[in-house]
Engineer: 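Just passing along the structure, written as structure tokens.
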Amino acid sequence: MGSGLMNMRCFWVGFFLFCGFWVSGFCDKDGFLSISCGGTTGYTDSSNISWIPDDEYVSTGNITASFSDPIRFFPDTQGRNCYRVPVINASSLVLVRAQFLYRNYDGRGKPPAFSVSLGTAITSTINLTTNDPWTEEFIWPVSKDTLSFCLHAIPDGGSPVISSLELRPLPQGAYASGVGDFPNKSLRKSYRINCGYSNGSLRYPLDPYDRIWDADQNFMPFHVSVGFAIQQYFNLSGLGEDPPVAVLQTARVLARRNVLTYNLPLDTLGDYFIVLYFAGIFPVSPSFDVVINGDVIQSNYTIKISDVSALYFTQKEIKSLNLTLKSISYYPQVNGIEVYEIVGIPQEASSTTVSALQVIQQSAGLDLGWQDDPCSPSPWDHIGCEGSLVTSLELSDINLRSISPTFGDLLDLKTLDLHNTSLTGEIQNLGSLQRLESLNLSFNELTSFGSELENLVSLQILDLQNNSLQGTVPDSLGELVDLHLLNLENNKLQGTLPVSLNKEALEIRTSGNLCLSFSTMSCNEVSSTPSIETPQVTAFPQKKNTKQDHLAIIAGAVGGAIIALLFISLAVFLFRKKKRTEVTYASKGATEIRNWNAAKVFSYKEIKAATNNFKEVIGRGSFGSVYLGKLPDGKIVAVKVRSDKSQLGADSFINEVSLLSQIRHQNLVCLEGFCHESKQQILVYEYLPGGSLADRLYGPNCKKASLSWVRRLKIAVDAAKGLDYLHKGNEPRIIHRDVKCSNILLDEDVNAKVCDFGLSKQITRADATHVTTIVKGTAGYLDPEYFSTRQLTEKSDVYSFGVVLLELICGREPLIHSGTPDSFNLVLWAKPYLQAGAFEVVDDSLMGTFDGKSMRKAALIAVRSVERDASQRPTIAEVLAELKEAYSIQLSYLQTREHSS
Ligand SMILES: *[C@@H]1O[C@H](CO)[C@@H](O)[C@H](O)[C@H]1NC(C)=O
Ligand SMILES: *[C@@H]1O[C@H](CO)[C@@H](O)[C@H](O)[C@H]1NC(C)=O
Ligand SMILES: *[C@@H]1O[C@H](CO)[C@@H](O)[C@H](O)[C@H]1NC(C)=O
Ligand SMILES: *[C@@H]1O[C@H](CO)[C@@H](O)[C@H](O)[C@H]1NC(C)=O
Ligand SMILES: *[C@@H]1O[C@H](CO)[C@@H](O)[C@H](O)[C@H]1NC(C)=O
Ligand SMILES: *[C@@H]1O[C@H](CO)[C@@H](O)[C@H](O)[C@H]1NC(C)=O
Ligand SMILES: *[C@@H]1O[C@H](CO)[C@@H](O)[C@H](O)[C@H]1NC(C)=O
Ligand SMILES: CC(=O)N[C@H]1CO[C@H](CO)[C@@H](O)[C@@H]1O
């Protein structure tokens, strides 16, 4: 079942690639892409093929202008230098040809040696001392939208150099017969021989796929034989490889002896794929045995008059090729020979892993040079792999600040080292790493163990030294049966260590804490007279990267100042509180709000009365709790009380009040009033009895089945209307920034309204097209482009709304941590299916109830909304228009169905 699903997925992905185009600026009518490496201008060659310069496809290296044959070389002899060519057509199979020239561009007279890789496979080593020029050619099954061709320096090899790179689409199904499991194999050309031809090589336009066929006189030094070039009609149908007529018209025929032999030396010991082409160009039908390296591979093979045929063989573990045709009747004959080395393509890392690593790279604000596949052909810096699995990640000495949820997607990690990365707060988001054996979070400012460490069932080494961990050591650490080293040195821990940790196999280091031991006695004494801890000074290793250090120091200083201020205010607060029991604050923000003449201003007393002293909780979130209330006029309201823990509270509170007091729309939750006194931040909204869309879709007593497709479309239309109003509104436009299912509320008639404007941003005309902000939002809904560029536009809301649409269609949450890694991320998982009109990802409870056209419309607009490239996404107005259509199609479908039944 699972693998069936995967196959379908591969099929659809393949289908997609197949239907697109090379998206290069220039490409021939035949789909050729011909890149002149180091070239500065485009030109057309003698075969009428257009060549273009390479600067669009490569970002490193130097070029030489002083030679007639341009080249690009890479004097940085570290690491890889890559050409990245976008491919979308992927006629599923492409011929990639690269040429390398030395021509003493550096005046050193020492030709370089280096290796090259295509996709995830290291394919060959180029040694220009042996051959100059050197040509490499591959038949490559394209599976991604970018083809990476990289040159890798090798020790003492000199600077890699390249002169041309050509891509030629091949007919679909070609060369597949000999290589059963093609998707992870490719072919590297050893020989392509135009038998019986002795006047140079033949290529485009005689071969429409621009394969280069070499004359064969060089391959047969020991036998006298005749080449024929005969013009005659023959039946070309049937061969997937579509060999050119010009090649078939000539043959090598042995006239006198009965054995025809080609001796072909091979580069390396390996598996080879051999194709022999035969054409019945003579008025007789010869029969012969085909013998390869002494074994009869095909006995009594007959060429029929006027017929074209081919034989395919795979030979394992060979170092040279002796190809012999032994006559049975008439003379043995062959028209074309191709010999390829079979090169395995290592599996790619899962898309979840790749996107998680990209997000981590982006969130660290660093360009770690992480591109293409993390493991193959060689692992990225800071990363270790086992096969295609990323098993270690080491990111010390950078500014990460928190362990983001994406770390939890790296499910294969065995080693995670985040020492000295400015982590603060609690240890979080790592609970899913069941294979993690070694976790190093030392030299950070973590304050709490969090609650997830106990889930790391394979953990052996836990290094938490030199943090600011407070309180006691949690008992649950004792559940980690494999743990053998726990380093807690230099924290602010105290109390007794849980007995569960008192095991022989476990070494615990505890020095430098307030008091930490297994003995109850000594600790009780100390903790009753807690010492005043002086701030801990930790020496970090000296770093060269000064800019970051400055930032860190500034951040530290500012942070310190803020903490000091907070401390002082707290002291003042406590002091005052002692003196007077009831103090009313009217902060500057509150005064301003009053002046805005907004919704009703409530007193704390009124709120207390309305909520019956905060009796009934109807919702909880990171911001605090929501209570049910009743105003004196009988109106039922939802009262949102911010907890004082929320540090961003003040800002977002004022933001939300000021925004909501300006706008009123039937699809935006209406603010009835607010209260801002006694350090209280309370918002009073209209009450929507239907709960949130998230509750409906996934809540504990979820009524998902009650959400029919037409209702879901109605909800989507409503929410889109609300967002459209925000985006279109007159100055200032508003970007919601936190569109998600839990922020879409429903009334008793399942009308939807968008709520929670705590993160919303106003865009004035002066801001032009975007504003640059600190990235905020909810994991799973966050626009990847906003995440990487920090430039906020309305299209970020469109992305988040697209995720909501996908949730409505698929009936699942944006991020899950079960099933196969490829399905963790809703967007990555569902997009290819929906794009292809494949509805097996649609929510089971909708099956059989929707009109295909309505679903297709909604699915396509959802998919377009979550395009990575924001400029490719529709506006919310377009989304709304499409959803309205999908809605009315479904309505009339239901009506017809009702009538007919
Ligand atoms: C070269 O190609 C162009 C179109 O791409 C065509 O018009 C022209 O006739 C061709 N020239 C030759 C010599 O084939
Ligand atoms: C390569 O180009 C860079 C600047 O583009 C230059 O600094 C460097 O000297 C060049 N290297 C060689 C070997 O020409
Ligand atoms: C390249 O070939 C030359 C001559 O065959 C040989 O001396 C040299 O060691 C080779 N270089 C590498 C890196 O293999
Ligand atoms: C070989 O090809 C050249 C042009 O490439 C042509 O001028 C010559 O006549 C050909 N020779 C034979 C024997 O076909
Ligand atoms: C090639 O194979 C044929 C038949 O197996 C054999 O007669 C011949 O000696 C071989 N030639 C070489 C050079 O190995
Ligand atoms: C070879 O095959 C042909 C028909 O394909 C048959 O007539 C002939 O007898 C066979 N010869 C041998 C030696 O098997
Ligand atoms: C290719 O796939 C086959 C079966 O799917 C597998 O056995 C083989 O190991 C794979 N080869 C590589 C190089 O990944
Ligand atoms: C530009 C190009 O090569 N397009 C091709 C994409 O693949 C389809 C299917 O093989 C071809 O028909 C197109 O010509």
Side-chain angles (χ1 to χ4, degrees), residues 73-75 77-81 100-104 106 108-117 122-136 150-162 190-191 193 195 216-225 252 254 256-269 272 274 276 278 280 282-311 313 315 317-334 337 339 378:
F73 64 100
F74 302 93
T77 50
Q78 303 292 309
R80 55 178 123 173
N81 295 283
F100 310 91
L101 292 176
Y102 174 54
R103 301 287 154 83
N104 202 14
D106 54 3
R108 289 171 63 210
K110 186 170 182 291
F114 50 94
S115 62
V116 297
S117 67
I122 290 273
T123 51
S124 36
T125 300
I126 316 296
N127 186 346
L128 291 175
T129 309
T130 338
N131 261 332
D132 186 3
W134 181 300
T135 303
E136 281 287 323
C150 306
L151 288 75
H152 305 252
I154 58 178
D156 301 323
S159 307
V161 59
I162 182 168
S190 303
Y191 295 100
I193 304 169
C195 303
D216 80 342
Q217 75 270 25
N218 302 333
F219 302 111
M220 303 203 52
F222 307 120
H223 294 286
V224 180
S225 53
R252 175 71 57 180
L254 197 75
R256 259 165 267 161
R257 294 168 54 169
N258 66 347
V259 176
L260 168 64
T261 295
Y262 279 83
N263 264 306
L264 305 173
L266 301 171
D267 275 5
T268 48
L269 177 71
Y272 286 80
I274 301 144
L276 305 179
F278 306 99
F282 300 107
V284 291
S285 273
S287 294
F288 46 84
D289 288 341
V290 180
V291 184
I292 291 182
N293 290 353
D295 297 328
V296 178
I297 296 290
Q298 178 84 32
S299 65
N300 193 11
Y301 187 72
T302 304
I303 303 175
K304 296 201 187 83
I305 299 170
S306 296
D307 216 17
V308 175
S309 58
L311 286 174
F313 308 109
Q315 288 289 299
E317 302 276 306
I318 56 172
K319 182 83 181 56
S320 66
L321 187 60
N322 172 349
L323 174 70
T324 300
L325 307 182
K326 268 191 184 151
S327 170
I328 291 175
S329 62
Y330 300 110
Y331 303 115
Q333 163 204 340
V334 60
I337 301 173
V339 179
S378 53

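Residues: numbered from 1 along the sequence shown. Counting starts at 1 for both ligands and their atoms, following the listed order.
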Engineer: Could you identify the single nearest non-hydrogen protein atom to atom 5 (O) of ligand 6 and state the distance to 0.1 Å?
Structural biologist: T302 OG1, 3.9 Å
Engineer: Of all the non-hydrogen atoms in the protein, which one sits nearest to atom 14 (O) of ligand 3, and at what distance?
Structural biologist: N127 ND2, 3.6 Å
Engineer: What atoms in ligand 5 come closer than 4.0 Å to a heavy atom of T324?
Structural biologist: 1 (C), 2 (O), 3 (C), 4 (C)
Engineer: Can you tell me how the ring of F114 sits relative to the ring of F100, calling it parallel under 30°, perpendicular over 60° and tilted otherwise?
Structural biologist: perpendicular
Engineer: Hey, is atom 2 (O) of ligand 5 under 4.0 Å from any protein heavy atom?
Structural biologist: yes
Engineer: Give a yes-or-no answer on whether the side chains of D307 and S309 include a donor-acceptor pair shorter than 3.5 Å.
Structural biologist: no
Engineer: Just to confirm my output: which protein heavy-atom neighbour is closest to atom 9 (O) of ligand 5, and how far is it?
Structural biologist: N322 ND2, 4.7 Å
Engineer: Heavy atoms, side chains only, cut-off 4.5 Å: are Q315 and I297 in contact?
Structural biologist: yes
Engineer: Starting from atom 4 (C) of ligand 3, locate the nearest protein heavy atom and write down its residue, its atom name and how far away it is, to 0.1 Å.
Structural biologist: T129 CG2, 3.9 Å
Engineer: For A113, take its heavy atoms, then give the atoms of ligand 3 lying under 4.0 Å from any of them.
Structural biologist: 13 (C)
Engineer: Within a distance of under 4.0 Å, is there any protein heavy atom near atom 7 (O) of ligand 3?
Structural biologist: no
Engineer: Does the protein place any heavy atom closer than 4.0 Å to atom 11 (N) of ligand 5?
Structural biologist: yes
Engineer: Pairs of nitrogen or oxygen atoms closer than 3.5 Å, one from T261 and one from ligand 5: do any exist?
Structural biologist: no
Engineer: With side-chain contact (heavy atoms from CB on, under 4.5 Å) as the criterion, how do F313 and V290 come out once you've worked through the C-alpha distance, each side chain's angles and the decisive distance to 0.1 Å?
Structural biologist: CA-CA 11 Å; F313 308 109; V290 180; 4.0 Å; yes
Engineer: Are any non-hydrogen side-chain atoms of L266 and K319 less than 4.5 angstrom apart?
Structural biologist: no
Engineer: Could you tell me whether a side-chain N or O of N322 sits under 3.5 Å from a main-chain N or O of N263, the two making a donor and an acceptor?
Structural biologist: no
Engineer: Any N or O on N300 sitting closer than 3.5 Å to an N or O of ligand 6?
Structural biologist: yes
Engineer: Mark up the atoms of ligand 3 that fall under 4.0 Å of a heavy atom belonging to T130, in ascending order.
Structural biologist: 2 (O)
Engineer: Is there a side-chain contact between L323 and T261 (heavy atoms, below 4.5 Å)?
Structural biologist: no
Engineer: Does the side chain of S378 reach to within under 4.5 Å of the side chain of R80, using non-hydrogen atoms?
Structural biologist: yes
Engineer: In the protein, what heavy atom is nearest to atom 13 (C) of ligand 6, and what distance, to one decimal place, separates them?
Structural biologist: I328 CG2, 4.0 Å
Engineer: Do N127 and T125 pair up side chain to side chain, a donor and an acceptor below 3.5 Å, judged on atom types alone?
Structural biologist: no
